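It should be emphasised that the depicted structure is a prediction, and the values quoted were computed from it without experimental measurement.
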Amino acid sequence: MGVLVSDIMNLPILQRAKPLTKAYDNEVEWVSVIEAPVEHFVRNREFVLSTGVGCEENTQALIRYVQDVVDSGASALAFATGRHLYKIPDQVIQIAESHHLVLLELPWEIRFGEVLQDVLRMITKAKEGEQQKADRIRQELINCVLNGEGLQEITSILFKETKIPVAISDHHKQVRANYSFDGHLIDVLNGKEKGDVSLIEVHPLSEHPLFHFIEKYEIGTSTCFQLTITSNQKKQGYLLFQPQSEDELTWFALTVLEHGLTACALYFVKENAIEMTEIRLKDNFLLELARKDLPIDQSKAHLLGYDLEKNYLCLVGQINPAENTSAWSKSSDGQTSSMHSRNYYVQKEITRAGEVLRNNVMATFEGDEVIVFMEGNTTTYEEEANQFLDLVERRLHDLLAGYSIEWGVSSLVEERFLFHERYKEASMARRIGRQQTESSRTFYHHTRMNRLLMALSTKEEIDQIIEETLTLLIEYDEKRQTDLIHTFMIYNKHNSNVSKAARELNLHRQSLLHRLRNIEQLTGLSLLNADDLFLLELCVRLWKLKQI
């Protein structure tokens, strides 16, 4: 508590003052001499001195003056009587009494300057005491964070010093600490429970700068206040407080809350730094585990919370934005933060899917590539992988509108610590799938034909045959901007059924026949000859695999 009206009335210079209303314990933050009109010259919690000039024979004018002082939020009003005013009307006293404004009558001979001097000296002394106490609390809050204590300890200190219920939530609006705050109000405010919430205007009760950042909410019949916790211009969370009345929001209480805001920001920065360091260590470990054929550091894995004793398969995904994607900008400005936001959602859903299936899951990112190691059973791993990806993609369909992910899935054998080999298999399956299939998922086990062709494609004689067969076809496609190779693959997929191929290609039957004649002319092969058909398909497949 600061200086009270009762403290001021005990000053020697005011011993002759006559109280006209009850001596309410109103707090005083400033003292001034104000005559009518009041307008905006009186602040909240002010001790006002007046001679009543201009209202001497006009009771209504005096009533308006007192009402204006009441409306300004002043704590006390002292009239010097004996010159302009001789007696304070009962109507004025009743107005002051009904609004808990302390009304005093001073003898005319008491100098306002001496009153100002003594009251200001008392306020200054009290402010110094409050400032010293606030500095001690600030240091206590900072030490609380530096010594490794949490947000609950911060709320405990804030409540102890202000007696105001407080709560702290993070930027996801998850309550992280609560001391006597009504949890129902938080849930309604955060949209977790139904209720009427209104943001209402805050009328500053003092000149404290924190008032300009306070948000006031009306929730049903209750009210609460909120301050946003920020650091580096980034929202970290919210500090909520619920005084029984706004009179509790004194300069001292607001200063303590401001120090609490600083401590919370420091805590979140520290937490984020620890989290980012842990994420970076985990990312680097998993990337090294996947991409380098090195001895596995089991002790480091244990420290990072990974159990490598399980049997893991690998899933490698390529995140592809659509051309008109607007959910995250593809411009260079903010690209990193956009990527991190996108990857955060993917990582979150991967973790959630693993928890639902009760499987150990380890995931990391590099650019647009996501690498997942998932615990699996050697006999049912394909079913488990499909179920896992179904869960992930179902959620991401809404969260990442405009994005698609192509997946490659490794094999799984009863042998541990083959992380590099599994990653290579999943990566190869994804690349083959992108070129050879229309599915967004490709299992390494299903690419045996492609891998056999890739082994054949290393022979020089094979290269010569591919070149002789496809060169004119490739050049024709590049020059005319056609896609005869794709046309052939669709035609071959439908077992030379012209009608089905034309429907899939969205072509007229005659247009397709014209393209097929061009293919025969450019390759010198007949699509009606089984050997020629096999040779052309083999050359196209090998050529596509070469591109991978």
Should the pair [X]-[Y] be classified as a salt bridge under the 4.0 Å nitrogen-to-oxygen rule?
X	Y	result
R394	E349	no
E105	K87	no
E130	K125	no

With a cut-off of under 6.0 Å to the ring centre and 45° to the axis, is K282 in cation-pi contact with Y306?
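Yes, K282 lies over the aromatic ring of Y306.
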List in chain and number order the residues that pass side-chain hydrogen bond (donor to acceptor under 3.5 Å, both in side chains) with Y179, two or more places apart in sequence or in another chain; answer none if no residue qualifies.
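So Y179 forms no side-chain hydrogen bond (donor to acceptor under 3.5 Å, both in side chains) with any residue.
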Enumerate the salt bridge (Lys or Arg N to Asp or Glu O under 4.0 Å) contacts for residues 171-187, please, sequence neighbours excluded, ordered by first and then second residue.
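Applying salt bridge (Lys or Arg N to Asp or Glu O under 4.0 Å) to every pair that reaches into residues 171-187, excluding sequence neighbours, yields D170-R176, R176-E271.
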Looking at residues at least two apart in the chain, or sitting in another chain, which of them share a salt bridge (charged side-chain N to carboxylate O under 4.0 Å, His left out) with K160?
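Salt bridge (charged side-chain N to carboxylate O under 4.0 Å, His left out) list for K160, sorted by chain: E140.
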Measure from the side-chain N and O atoms of N284 to the backbone N and O of R280, and report whether any donor-acceptor pair falls under 3.5 Å.
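Yes; judged by distance alone, with no hydrogens or angles, the pair exists.
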Give a yes or no on whether the backbone of D390 and the side-chain of E393 come within a donor-acceptor separation of less than 3.5 Å.
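Such a contact is absent between E393 side chain and D390 backbone.
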Mutual orientation of the aromatic rings belonging to F419 and Y312 [parallel < 30°, tilted 30-60°, perpendicular > 60°]
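If you compare the ring of F419 with that of Y312, the planes turn out tilted.
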Roughly how far, to the nearest 0.5 Å, is OG of S32 from CG of L49?
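So the gap between those two atoms works out to 7.0 Å.
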Nearest 0.5 Å, please: how far is CD1 in I229 from NZ in K235?
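So the gap between those two atoms works out to 11.5 Å.
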